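Let me begin by presenting the structure, written as structure tokens, before commenting on it.
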Amino acid sequence: MSAAPGPDDGRLRRAFLEESEELVQKLGETLSALEASPESRELVNEIFRLTHSLKSEAALMGYTSLSGLAHLMEDVLGQIRSGDLALSRDVLDRLVAGADRAAVLMNEISQSGKESESGAEDVVTGLSTLIADRRRPVARPASNGAPPAGETADGNRETPFNEVELRRIAEARDRGESLVRLTVTVTPDEPMKFVRAFLVFSNLEQAVNVIKVVPAMDGAPVDDSLYGRTVFYLTAPLGGDTLKDAARVDQIASVTVEQMDYPSGGSPRDGSGAPAGTEMTGRTAPAEKTSIRVDTRKLDELWSFVAELVLHKAHMSRLSDGVARGMDAESIREELVESSDSLEKLSSGMQQAMRDTRMIPISIIFNKFPRLVRDLSRKLGKPVDLVLSGEDTEIDRSIIEALSDPLTHVIRNSLDHGLEFPEERVRLGKPERGKITVSARRQGGTIVIELADDGRGLDTDRIRQKAISLGIPGAAALGDAEVRELVFLPGFSTKDVVTDLSGRGVGMDVVATRIRNDLRGDVELVSEEGKGTRIILRLPLTLTIVNSLLVADEAQMYAIPLSDLDSTAKVPAAEISLQEGGEAAPWMGDTISLYSLAGLLGRERRPREEYFAVVLRHGESRGFLVVDELIEEREIVIKPVDDLVNPLRLFSGVSVLDDGQLVFILDTSFIRRDNF
Amino acid sequence: MGATILIADDLSFMRMIQKEILTERGYSVVGEAADGIDAVNKFQSLNPDLVLLDITMPNMNGLEAMRKIFSINPKAKVIMCSALGQQSLIVEAIRAGVKDFIVKPFKPERILSAIEKALRSA
């Protein structure tokens with residue numbers, strides 16, 4: 001973003017590309033799945049989430065065509081989700097066309113850093129009519145007002161800037177601002193269109209640098225109907241929200257924000273308004289996806305290991321020569337033991353160094369927050385102090401890239417729903433300014449990220465009420481902790497009045513899915529009513545290597561990540577009781593569920609008098625897992641597992657040990673699934 | 001409790017309609033004023049979340065009342081009510097910082113959505 005230009009922009013961009021390409025691909029796949037089983041609510045939810053994420057990411061990078069398209073699809077999915085729109089063949093076709101178009105745009109962006117601004121209007125119209133037909137019949141561009149002079153429907157005509165305007169634009173470019181075209185359409189029934197547009201103009205003037213307005217705003221209007229659609233050319237630090245906020249007054253039908261190329265050289269034209277994704281990085285080079293930036297100190301460290309390895313190889317060949325020359329067995333044995341020791345150190349050192357090259361500081365994400373908070377704070381009228389700490393904490397690239405969205409979402413939630421308005425805070429005896437704390441730290445093999453606010457906290461009673469009204473079974477009897485867990489369910493939102501900030505109930509469920517499923521981490525929500533909310537994310541340092549306990553059951557080896565392990569125990573058969581929902585046994589003064597791999601896989605457990613068990617943990621939940629044998633602790637390299645061999649989703653991956661044995665890596669979330 | 005609103009209009013019928021619309025939506029109409037001076041005094045004493053201010057009123061017109069209100073609280077949320085033909089007055093009011101305007105005659109939903117947006121704005 002131009003707001004924070006710096007060496008991180010390339011990374012941000014790469015992260016965007018990788019993530020969005022995957023989103024687009026998943027979107028296509030999931031839509032195909034939906035075609036096969038159109039009644040699946042889960043798939044609809046998933047597609048909704050995908051479009052929502054795609055929209056946010058594309059908008060963040062200034063790709064308005066892509067984000068606009070994703071937004072339309074999200075709206076359509078939202079209506080299907082709410083039951084306002086039936087999922088007919090026709091609707092499905094239009095969604096598929098949308099996904100195809102998204103793939104085309106994504107491809108363009110990845111090739112050239114730019115997306116086409118026009119084209120495939122039929123796809124867009126196909127989707128927008130689905131929404132326009134039902135929800136907002138007035139939300140279409142006003143057709144009663146003639147397009148203002150100098151502007152055509154596709155907005156591609158030259159709009160000459162005069163010399164003064166060009167100079168102001170050049171100054172803005174030097175400040176690192178973006179050139180933006182904001183098009184505002186007033187609802188057709190507004191009797192004073194000029195004044196309406198003027199209100200937007202006045203709001204914009206307070207926030208940004210307005211260069212030119214078409215039709216002009218100075219003087220009394222000749223014809224009020226000309227202002228049905230007004231185009232503002234302005235420069236501003238990037239961030240669509242600030243701009244749209246200015247237009248957030250009544251009687252506005254639509255607002256579009258397009259980022260433009262700066263007029264080149266002295267030629268006073270608007271550069272055809274192509275949204276310029278690359279503008280943000282100040283470069284026009286095509287995206288670099290296959291290369292990464294690595295601190296040279298990390299490379300030096302890696303190199304020193306390689307140098308040692310070369311020495312080691314020399315030593316080994318000397319040893320092998322010695323064997324050929326008939327060196328005595330005892331000294332060969334000694335040297336081999338020594339050599340094997342140092343090789344082990346070397347290999348773990350290299351592994352660590354290699355892993356470090358994948359690590360980048362979390363400040364890459366944290367740096368975006370001050371601006372986000374400032375903008376939202378101003379927009380909502382909630383003054384707030386943001387306190388960041390632990391920005392230096394390093395975390396694996398692949399994790400960082402997937403973290404940005406969920407963290408942003410949590411912060412938005414805090415500002416939007418968590419923090420009270422200043423008057424209310426004063427009335428409650430709290431400081432007038434709210435406080436949001438974001439911290440990161442490394443704790444053993446995990447990264448802990450905490451986001452806390454001192455707002456109103458979760459109203460568990462209200463959530464419970466909502467759960468009851470939604471017909472969630474057993475909702476009335478749920479404890480507070482379980483109620484808090486409900487906010488992670490898809491489509492669950494207690495905010496009855498939906499705001500444009502946190503979206504339509506998309507929110508914590510996206511966060512939870514991302515953290516728990518994609519990142520193999522955990523998310524926990526701690527809240528005290530009236531005092532605030534704290535969201536704690538626990539993430540693995542890296543997604544590829546994990547410390548695990550190897551266990552065996554019926555001659556098959558399984559690995560349990562140490563982060564999912566509480567302890568080991570022996571469970572006498574006599575202590576196992578049959579509870580509602582399965583077997584259980586006492587543990588630390590509590591009774592927790594007892595599982596066996598055989599049982600989970602649908603077989604009988606072999607009866608014994610006493611069982612070896614590990615105590616698994618997933619968040620706050622605990623459960624015994626009975627195994628035949630505990631083998632050892634080991635670092636294993638995770639490879640993805642195909643869902644075909646993993647229909648129950650019991651495993652998060654597989655690993656091949658050095659002796660060629662295959663181990664399945666257990667996904668302990670089944671404890672939670674069972675408890676709910 | 002809904003936001004507190006002060007209604008200022010010289011026509012008691014207009015005030016009645018507005019009060020009915022607002023009360024039904026859960027807003028709390030904390031005061032009514034029949035002229036500009038009354039409006040400014042009540043704003044000062046009641047400190048409402050939002051003021052609905054008619055542009056043409058006796059004694060002190062809406063624009064002048066608006067300026068006095070902003071001098072009491074620069075962040076006051078004011079929505080102007082006007083009739084067609086008063087465009088230039090509203091433009092003046094916008095320059096001074098009103099959040100929105102409503103053109104009479106209005107539909108209930110217009111007044112409600114304008115208020116809702118204004119209350120949510122910074």
Side-chain angles (χ1 to χ4, degrees), chain A residues 136 138 186-187 189-207 217-224 227 241-242 244-253 374-384 415-416 421-424 426-427 495-501, chain B residues 1-4 21 25-28 30 46-50 52 55 63 66 70 73-122:
Chain A
R136 27 173 213 213
V138 292
V186 175
T187 47
D189 67 350
E190 168 62 58
M192 293 188 188
K193 295 193 174 60
F194 168 77
V195 186
R196 188 56 54 191
F198 184 82
L199 180 57
V200 175
F201 172 65
S202 164
N203 287 346
L204 282 171
E205 287 253 275
Q206 284 167 39
M217 282 269 117
D218 37 15
V222 186
D223 179 356
D224 197 63
Y227 294 86
D241 281 349
T242 335
K244 293 209 164 180
D245 190 38
R248 191 151 295 128
V249 292
D250 208 26
Q251 295 286 86
I252 297 296
R374 197 174 65 235
D375 284 354
L376 285 177
S377 151
R378 194 178 300 155
K379 174 175 182 172
L380 293 165
K382 296 180 181 177
V384 57
L415 265 146
D416 195 17
F421 285 97
E423 311 85 56
E424 192 181 342
V426 170
R427 206 163 52 234
K495 198 75 187 168
D496 299 313
V497 184
V498 165
T499 77
D500 62 320
L501 275 180
Chain B
M1 193 190 74
T4 54
I21 295 170
R25 178 58 67 97
Y27 292 113
S28 144
V30 288
L46 298 169
N47 190 26
D49 295 329
L50 187 140
L52 268 180
I55 224 161
L63 276 186
M66 169 201 75
F70 280 133
N73 178 4
K75 286 177 151 182
K77 291 180 174 173
V78 179
I79 293 181
M80 299 303 284
C81 296
S82 85
L84 266 173
Q86 296 176 321
Q87 272 87 337
S88 58
L89 294 181
I90 308 179
V91 166
E92 222 181 311
I94 289 171
R95 285 212 175 96
V98 298
K99 289 287 175 192
D100 208 335
F101 64 95
I102 297 167
V103 184
K104 294 180 196 173
F106 51 78
K107 293 187 182 136
E109 57 267 27
R110 277 282 297 111
I111 196 170
L112 287 172
S113 71
I115 286 180
E116 199 176 301
K117 289 202 173 75
L119 283 172
R120 270 173 42 198
S121 70

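None of these values were measured; they are calculated from a predicted model.
A side-chain donor-acceptor contact under 3.5 Å links B:D100 to the backbone of A:D250. Here the side chain of A:S377 pairs a donor or acceptor atom with the backbone of A:K382 at under 3.5 angstrom.
Annotation: side chain of A:Q251 is in contact with side chain of B:R110 (closest heavy-atom distance under 4.5 Å).
Using a 4.5 Å cut-off between heavy atoms, B:S88 does not touch chain A at all. Contact of A:E205 with chain B is not made at all, since no heavy-atom distance falls under 4.5 Å. Residue contact with chain A, scored on non-hydrogen atoms closer than 4.5 Å, is absent for B:A96.
Considering all non-hydrogen atoms of both residues, B:I55 and B:Q86 come closest at CG2-OE1, 3.2 Å.
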